[in-house]
2 protein chains.
Amino acid sequence: MSAPKKSVALSGISVAETSVCSIDPDRGILMYRGYDITDLAEHSTYEEVAYLLLEGDLPSDGELKSFHAELGSRSLPPAVSTIVDGNAMDASPMETMRTAVSALSFSDPAEDAIDRENERRKALCLIAQLPTIVARYERRRRGQSVIDPDPSLGYAENFLTMLRGEAPTAEEARAFDIAMILHAEHEMNASTFTARVVAGTNSDMHSAIVGAICALKGPLHGGANLAAMKMFDEFAAGGSIAEGVAARLEAKKPLYGFGHPLYRAMDPRAPILRRLSEQFVDDSEPNYFEIAAEAEREAHEQKGLWPNVDLYSGVLYRYLGIPTDLFIPLFEMSRVAGQAAHVLEQHAGGKIIRPSADYIGEPPRPYPVREPR
Amino acid sequence: MSAPKKSVALSGISVAETSVCSIDPDRGILMYRGYDITDLAEHSTYEEVAYLLLEGDLPSDGELKSFHAELGSRSLPPAVSTIVDGNAMDASPMETMRTAVSALSFSDPAEDAIDRENERRKALCLIAQLPTIVARYERRRRGQSVIDPDPSLGYAENFLTMLRGEAPTAEEARAFDIAMILHAEHEMNASTFTARVVAGTNSDMHSAIVGAICALKGPLHGGANLAAMKMFDEFAAGGSIAEGVAARLEAKKPLYGFGHPLYRAMDPRAPILRRLSEQFVDDSEPNYFEIAAEAEREAHEQKGLWPNVDLYSGVLYRYLGIPTDLFIPLFEMSRVAGQAAHVLEQHAGGKIIRPSADYIGEPPRPYPVREPR
């Protein structure tokens, strides 16, 4: 369920000009640099979309080829592997990602002055290295051997192979790639905004993305598809889905995967993720796709609610064999492309972001001077 | 030199209510929870000020005693020491601090729901542990043995002992403590604002402070006293200070340590830091105090400029034997108290911070469908 307006600060207040993304909340249209997300999901790849977000235009065949080659640099520096390996058993996935990304700059440090080409290169490295961090972490905490990245593979195939230890089907890889396209960018959400505030001080790409990870980690931002999966389990354990939805509405408890602070109708990403997850339905119980689909019908019928990006994304990831607590790291793996594009914009604009606050505290008061303690 | 208004986004726009700090830009008054910074610098200690910022009131003798005991937990978990030790030779101070603070949560993880008492406890740990991180890093990169924190010592004495390997004089410890008081809080600056944006998603204290570190690292935010020291070296190498100041004004180059986006007259912290640094003047050349003082006179005479917190802080730190590239880590060591107070406020208010942007990019365009590649 969307947060009520009053719980959003700066809502509707423009903090920057952007060419990266536009949203039409009334018509339910999301565009990356002028291209409709529905078209991109149908025709494009995540690598192509990452290029589009960073560079402003779709790549030519030659540009895509060299971009793919650049994205092949997926290996981690030893200092980062050491941190992941040494802490995978204790640290949560987002804490590990936050720390590992921070340590990536040890061998690629910030320069005194921002250089666009260098920051763009760092962004590419991050897009390439985040999947390696996530997969390495997961293998290590399961006590499995680490599978090195394979530069000959595409983005999705490489990641799923590193994570699961075997190559995905073409259908699985394509579904995952589209999920990454759909999560790659969404204007001035809290994590991207954090990246821009950090970049506004002329801090470097690694710092800006670490900041974004800090914000995405928050349950009010990155955690809704996890929460939706837990809610589905609750529905499955209870009576009918209709009753489960009604009970949450009645108790004014959040209905995860529904509503959006921006979209007033359908989130255009929801029906794409519904189609993607439907194709993997099997005999296993509970049937998460069916629960989500019935929850969609009931929430619309009972309360006129529309699904958002979070209703089916967890269902899809579950079908792809991905543990629930990796959902937020996957979100960041994808969103880093959009965040990095915003960082490049913020650096180019050169503005520091420094708002004000209303003081409501104690009036001036004298210091109670006493004998020295 | 202060940034021109147009280069500050959200300037003057209130993003939150706060009881932590108030600034009177016209009269040059800075207050922490109603207490004038000048009074606090004269009568208080950094530990007392950290308590004031977090709790809202000055502590009683008993409260201060138990707060001091809590702040005695300055040791680092092994995972964090390992990261510092393993990377001190390669990583810059702020990159190390960012990564080490991120790793602190491995043994103190975020909970599903925000618990104020637990977040407050984490804030205290961070205030206690940041000096240990900075000192350990510095000793390791110099190839010196690490000096463990001593819970029986006060904040400043403990830090300077860990850093330098010998106890400071009472005068040195008091001057350092006051410098920490002066840097502890400054309303909605970019790093504190970053912490609030992160906290707005209900992300945890460690994430919020890591985000703040990412922003403070930026040269437009945390780096002005470093830049001032470099400028002083330039002045000392050239002709007279008057000519050096005039040349920078003429060339419209920044005059570091002067002006402020908020204060229209004297930054109240500047004269306190001037007095603190003056007492350590010795025979060494260049005489940084004299350079800064003459620059202050010249900048005021030539252009009516007022000094800010950054004009004398680097001079003081230099007299205390602190390397220039630790100045920003020291800033964070102190400011973490104010940032944490804002994080607790943001958590209590429960608002996500999600602004908007003006789209100035490509209009809608069709995807150029081609033969599959």
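Letters A, B, ... are given to chains in the order of the sequence lines, protein chains preceding strands, and every chain is numbered from 1.
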Show the nearest heavy-atom pair for residues [X] and [Y], with the distance to one decimal.
X	Y	result
B:Thr201	A:Ala215	OG1-O, 3.0 Å
B:Leu220	A:Gly200	CD1-O, 3.5 Å
A:Met188	B:Pro355	CB-O, 3.5 Å
B:Arg354	A:Ala190	CG-N, 4.2 Å
A:Tyr35	B:Pro366	CE2-O, 3.3 Å
A:Ser105	B:Glu95	OG-OE2, 2.7 Å

Under a 4.5 Å heavy-atom cutoff, which of [options] has the most pairs with chain A?
options	value
B:Ile213, B:Thr45, B:Asn87, B:Val20	B:Asn87
B:Gly211, B:Gly361, B:Pro219, B:Ala91	B:Pro219
B:Gly350, B:Ala79, B:Cys21, B:Gly86	B:Cys21
B:Val101, B:Leu58, B:Ile114, B:Ile23	B:Leu58

Contact origin within [X] toward chain A - heavy atom pairs under 4.5 Å:
X	value
B:Thr18	both
B:Ile360	both
B:Leu226	neither

Do [X] and [Y] touch side chain to side chain, with heavy atoms closer than 4.5 Å?
X	Y	answer
A:Ser19	B:Glu362	no
B:Ile353	A:Val8	no
B:Lys217	A:Asp204	yes
A:Ser107	B:Asp90	no
B:Tyr359	A:Ser14	no

Which word best sums up how the rings of A:Phe193 and B:Phe193 line up, parallel for under 30°, tilted for 30 to 60°, or perpendicular for over 60°?
-> perpendicular
Look at the aromatic rings of A:His43 and B:Tyr367 and report parallel, tilted or perpendicular, splitting at 30° and 60°.
->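 Ring orientation, 0 to 90° scale: parallel.
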Tell me, for [X] versus chain B, whether the close heavy atoms (under 4.5 Å) come from the side chain, the backbone, both or neither.
X	value
A:Leu104	neither
A:Pro363	backbone
A:Ile13	both
A:Leu216	neither
A:Ala110	both
A:Ser92	neither
A:Ser44	both

Ion pair B:Arg365/A:Asp57, N-O distance below 4.0 Å =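 Yes.
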Rounded to the nearest 0.5 Å, how far does CD1 of A:Ile352 lie from CG of B:Leu10?
->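 Output value for this atom pair is 11.5 Å.
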Who among A:Glu42, A:Glu17, A:Arg196 has the most heavy-atom pairs with chain B under 4.5 Å?
-> A:Glu17
Among A:Glu187, A:His206, A:Met31, A:His221, single out the residue with the greatest number of heavy-atom pairs under 4.5 Å to chain B.
->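 The option with the most such pairs is A:Glu187.
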Under 3.5 Å: donor-acceptor pair, side chain of [X], backbone of [Y]:
X	Y	value
A:Thr194	B:Val198	no
A:Ser102	B:Thr99	yes
B:Ser203	A:Cys214	yes

Can A:Arg98 and B:Ser207 be counted as having a side-chain donor-acceptor contact under 3.5 angstrom?
->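 On atom types as modelled, these side chains qualify, holding a pair under 3.5 Å.
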Does atom CG of B:Asp112 have more than 12 heavy-atom neighbours from other groups under 6.0 Å away?
->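 At most 12 heavy atoms, drawn from other residues, nucleotides or ligands, come within 6.0 Å of this atom.
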